[in-house]
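Each remark here refers to the structure printed beneath this line.
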Amino acid sequence: MAYPIEFLKKIIPRNAGYFLRKIKLFVRGLFYRGTNFFCPICNKGYRTFFEGGFNLAVIGEYQIIGAGLRKNAICPGCASNDRDRLLYLALNDKNLKLLPADSILHIAPEPSLAGWIETKQRKNKGSYTKGVKYHEGFYYGNDVQLMDLLHLPFDDNSFDLLICNHVLEHIPDDIGAMREIHRVMKPGSKSILQVPWSPLLNKTFEDNSITKPKEREEKFGQFDHVRLYGTDYPQRLESAGFQVETISVSQLNLPDNILISYGLNRKEIIFVAKKLMQTR
Ligand SMILES: [Zn+2]
């Protein structure tokens, strides 16, 4: 059998697979316990974080942020990556005022972060809705609803916080998706909309004629990405009606030892898109 894992994914019911994934992480977490690294999401120390991401020429050439091979990226215990841990810190940052939020919509929820938000919302009696376009393997539990980002099944002005990371670069009509996100957010509410982007590109690079997975990988940095965002990403969000705030890692005022032990990327920028009180 060429791909035993793929075969197992087909025959194991998804709920059982999701449960098995949790057991695997638990055992792996125990095995790698230590003090060199610390994961704030699962709140435990580890002797190592694993390497994560892909090593592609385009990622180096365009110095793409939010992609590429990173040395200390993956937590053995909860599988959070460096980006998830940075968002955890942003969500806990008092100045950013992202939390508390009565109602949260999380698109393509990162499982580790989602587990933490779930607990928090339960404690605060807030709502937490998770949605995804496809169920992929055992990554998402059955509580993640299927939904299309271009036609969200919610009324206007429904959510106090929306999180949608590393999704827009997969969607041909990204501005349409941004407008839809904007529509379901309450006036005055904020969203976190992370994408991989290049600080060297002034203008987002798109080319509809590039459709082959191999070619997309070479040009955009991943086989299923349809563009590579440039420094004009905030302007694209603004064109959908948002006011955008960019937060650098240094603005979070984290001491050096935290940056190192949490395995964070200092170059990351957090894109916070706000729906104005008076919508345009
Ligand atoms: Zn962890």
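Indexing begins at 1, ligand by ligand and atom by atom, following the structure's order. Values in this document were obtained by computation on a predicted structure and should not be read as measured data. In what follows, residues are counted from 1 in the order of the sequence shown.
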Check your understanding: Under 6.0 Å from the six-membered ring centre of Phe242 and within 45° of its axis: does the NZ or CZ of Arg236 meet both?
Key -> no
Exercise for review: For the residue pair Thr204 and Arg227, confirm or rule out a side-chain donor-acceptor distance under 3.5 Å.
Suggested key: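 Result is no, nothing qualifies.
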Review point. Do side-chain atoms of Gln121 reach the backbone of Ser127 as a donor and acceptor pair under 3.5 angstrom?
Key: yes
Review point. Which protein N, O or S atoms lie under 2.8 Å from the Zn ion (ligand 1)?
Key: Cys39 SG, Cys42 SG, Cys75 SG, Cys78 SG
Study note, to complete from the structure: By side chain to side chain donor-acceptor pair (under 3.5 Å), Lys186 pairs with (sequence neighbours left out) Asp160
Check your understanding: Going through the checks in order, is the salt bridge (Lys or Arg N to Asp or Glu O under 4.0 Å) test met by Arg266 and Asp82?
Key -> CA-CA 10 Å; Arg266 288 163 205 261; Asp82 48 345; over 6 Å; no
Review point. Between Phe220 and Leu228, what is the shortest heavy-atom contact and its length?
Key: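 Result for this residue pair: CD2-N, 3.7 Å.
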